[in-house]
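Comments concern the structure below.
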Amino acid sequence: MVRWVAKAWVGAVLIMVSLTMVGVNAAAQGTQVDKGNVGDAPDNPGPLATDVSGAITHAAVHQAAGKVADWQLKESESKFNQQWTFAALYDGMLAASKLTGDAAYHDAMVKASEKFKWREIDDRFPHADDMAIGQMYMDLYLEDKQPERMKATKAMLDQLVVRPDDPKKLLWWWCDALFMAPPVLARMNVATGDKKYLDYMDKEWWETSASLYSPADHLFFRDSRYFTQKEKNGQPIYWSRGNGWVMGAFVKVLSVMPKDYPSRAKYIAQYKEMANEIASIQGTDGLWRSGLLDAADYDLPEISGSAFFTYSLAWGINQGILDRAKFEPVVKKSWAAMVTHIYADGRLGSIQPIDGQPGKFKPSASYVYGVGGFLLAASEMDRLATK
């Protein structure tokens with residue numbers, strides 16, 4: 001497999017690094033990420049679970065998902081906030097409610113949304129991270145069209161889509177942003193029938209892709225800082241969770257994008273490229289390391305990236321986009337491996353803490369966004385069991 005950093009980018013590296021630092025500085029203003037309430041990594045998390053199985057059956061998937069969701073809801077409900085960290089968990093909880101039939105997860109999301117008055121954080125517009133919670137608001141609006149549920153989100157997106165682009169400042173300068181904002185815009189298109197939201201998302205997606213996506217390696221750099229940095233083995237640095245966010249974004253966007261949307265085929269093509277690459281670098285244990293191209297340097301598998309990969313690949317199989325014969329063994333192996341990281345009390349371990357690059361962590365490390373990815377993966381694995 002060719003490992004590549006485009007020569008054409010070299011001359012632009014200094015400009016792009018400057019651009020990234022602008023984004024980093026902007027992110028530092030306004031509400032700070034609440035790292036204290038999103039997870040932990042105790043030295044003694046207790047024993048691993050013995051009552052869960054990696055089998056692809058409805059009963060086994062429901063048991064694993066319910067055990068993890070119950071523990072996470074008990075641990076986190078009092079700490080819920082409007083930040084991106086929890087936004088992925090909220091999406092997973094809604095999926096878990098549909099999967100298991102347990103309304104408690106869904107009702108907790110409605111309760112949280114009402115507590116937040118169906119509003120996003122609005123002190124660093126147009127930062128994509130602060131739009132991520134809008135996925136939950138829009139999904140809840142589409143099931144029960146109470147105007148208050150999407151009022152603030154629509155006002156924010158109406159402001160966004162008329163915002164002039166600054167050619168010196170890429171709006172979505174980090175690949176995680178593709179999970180945070182595009183799904184909200186795509187759902188607003190469904191809710192209103194106004195194509196302007198989807199068209200704006202489309203334009204910004206491909207601007208981010210032109211900057212961060214490697215057409216040779218079929219992976220996304222997390223941001224421009226990594227264009228020239230290398231792993232210890234000399235390979236480019238591609239972050240597992242960052243690429244997991246993108247793979248999850250494909251599901252969130254394509255699942256609501258009209259089949260006749262002009263550039264839909266372009267999304268499908270990029271999705272398939274990434275899917276094939278991700279499958280080809282799966283670890284022998286079924287999971288992916290934090291640094292995708294230097295597994296030997298990372299002793300533990302990373303569950304958040306692995307969960308979003310599993311979610312996305314299983315969705316592709318279920319939709320008939322990915323070849324079942326090729327990809328089903330990949331997701332069966334990854335799902336079974338993830339389940340082995342569930343503890344007796346329901347904690348899901350081996351999740352990298354908040355970061356923007358590959359890193360190391362304890363086996364007990366559990367963070368809400370990784371649990372969200374796991375629950376989303378469970379929803380698609382359950383559909384796979386049906387088929």
Side-chain angles (χ1 to χ4, degrees), residues 52-69 88-89 91-100 135 139 178-179 183 218-219 240-241 243-257 267-283 285-288 292 301-342 348 350-351 369-387:
V52 292
S53 164
I56 312 304
T57 65
H58 294 305
V61 174
H62 290 196
Q63 169 67 7
K67 187 177 185 70
V68 171
L89 175 65
D91 295 340
M93 284 290 179
L94 290 176
S97 186
K98 292 179 181 179
L99 163 68
T100 64
Q135 293 186 51
D139 283 337
L178 297 182
F179 184 88
H218 300 155
L219 295 168
S240 176
R241 186 159 66 237
N243 281 276
W245 287 129
V246 178
M247 288 297 285
F250 279 118
V251 179
K252 293 287 189 177
V253 168
L254 288 170
S255 62
V256 297
M257 179 183 280
Y267 288 86
I268 295 290
Q270 188 176 66
Y271 168 70
K272 285 183 173 181
E273 286 181 349
M274 291 190 69
N276 278 292
E277 175 63 18
I278 288 161
S280 76
I281 56 175
Q282 183 179 30
D285 62 356
L287 300 174
W288 290 263
L292 290 175
E302 204 289 300
I303 294 296
S304 64
S306 296
F308 282 111
F309 291 155
T310 304
Y311 166 54
S312 188
L313 297 177
W315 175 84
I317 298 167
N318 289 330
Q319 296 298 312
I321 296 172
L322 298 179
D323 178 62
R324 186 184 185 99
K326 176 176 180 178
F327 287 94
E328 186 176 74
V330 174
V331 297
K332 282 186 173 182
K333 191 174 181 180
S334 62
W335 175 257
M338 285 196 294
V339 168
T340 67
H341 291 273
I342 299 173
L348 179 65
S350 206
I351 299 171
Y369 41 79
V371 171
F374 177 82
L375 296 176
L376 289 169
S379 69
E380 290 298 331
M381 293 306 295
D382 188 60
R383 292 186 182 98
L384 195 67
T386 299
K387 296 183 177 183

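Proximity of a side-chain donor or acceptor of Ser306 to a complementary backbone N or O of Trp288 within less than 3.5 Å is detected. Without hydrogens or angle criteria, Asp382 side chain to Val61 main chain gives no donor-acceptor distance under 3.5 Å. Of the possible donor and acceptor atoms, one in the side chain of Gln282 sits under 3.5 Å from a partner among the backbone N and O of Val330. Looking only at distances, no side-chain donor or acceptor of Trp335 sits under 3.5 Å from a matching main-chain atom of Ala377.
The distance from the OG1 atom of Thr340 to the CD1 atom of Ile303 is 7.0 Å, given to the nearest 0.5 Å. Between the CG atom in Leu313 and the CD1 atom in Ile321 there is a gap of 11.5 Å [rounded to 0.5 Å]. Separating the CE atom in Met93 from the CG atom in Leu99 is a distance of 12.0 Å, to the nearest 0.5 Å. Distance check, rounded to the nearest 0.5 Å: CD of Glu273 to CG of Leu219 gives 10.5 Å. Here the CE atom belonging to Met257 is positioned 8.5 Å from the CD1 atom belonging to Ile268, to the nearest 0.5 angstrom. How far CZ of Phe327 is from CG of Asn318: 13.5 Å, rounded to the nearest 0.5 Å.
When each of Phe250, Tyr311, Phe308 is checked for a ring pair (Phe, Tyr, Trp, His ring centres under 6.0 Å) with Trp245, only Phe308 meets the rule.
Between Leu375 and Ala65, the closest heavy-atom pair is CD2-O, 3.6 Å. For the residue pair Ala96 and Ala69, the shortest heavy atom distance occurs at CB-CB, 4.4 Å. Contact detail for Ala60 and Ser53: the closest heavy-atom pair is CB-O, 3.9 Å. Contact detail for Leu376 and Ala95: the closest heavy-atom pair is CD2-CB, 3.9 Å. The two residues Val331 and Ala314 have their closest heavy-atom pair at CG1-N, 3.8 Å. Scanning both residues, Met247 and Ser312, for their nearest heavy atoms gives O-OG, 2.9 Å.
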Fill in: Test side-chain contact (heavy atoms from CB on, under 4.5 Å) applied to Tyr369 and Phe179, step by step
CA-CA 12 Å; Tyr369 41 79; Phe179 184 88; over 6 Å; no

TODO: Evaluate the criterion side-chain contact (heavy atoms from CB on, under 4.5 Å) for residue pair Trp315 and Leu254; output intermediate values, then yes/no.
DONE: CA-CA 10 Å; Trp315 175 84; Leu254 288 170; 3.7 Å; yes

TODO: Run the numbers on Asn276 and His218 for side-chain contact (heavy atoms from CB on, under 4.5 Å), then give the verdict.
DONE: CA-CA 9 Å; Asn276 278 292; His218 300 155; over 6 Å; no

**Request:** Go through the steps for Phe309 and Leu292 under the test side-chain contact (heavy atoms from CB on, under 4.5 Å), then give the verdict.
**Result:** CA-CA 12 Å; Phe309 291 155; Leu292 290 175; 4.0 Å; yes

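With a 4.5 Å cut-off on side-chain heavy atoms, Lys272 and Leu322 count as touching. By the 4.5 Å heavy-atom criterion applied to side chains, Lys252 and Asp91 are counted as neighbours.
The salt bridge (charged side-chain N to carboxylate O under 4.0 Å, His left out) analysis of residues 318-328, with sequence neighbours excluded, yields the pairs Arg324-Glu328, Glu328-Lys332.
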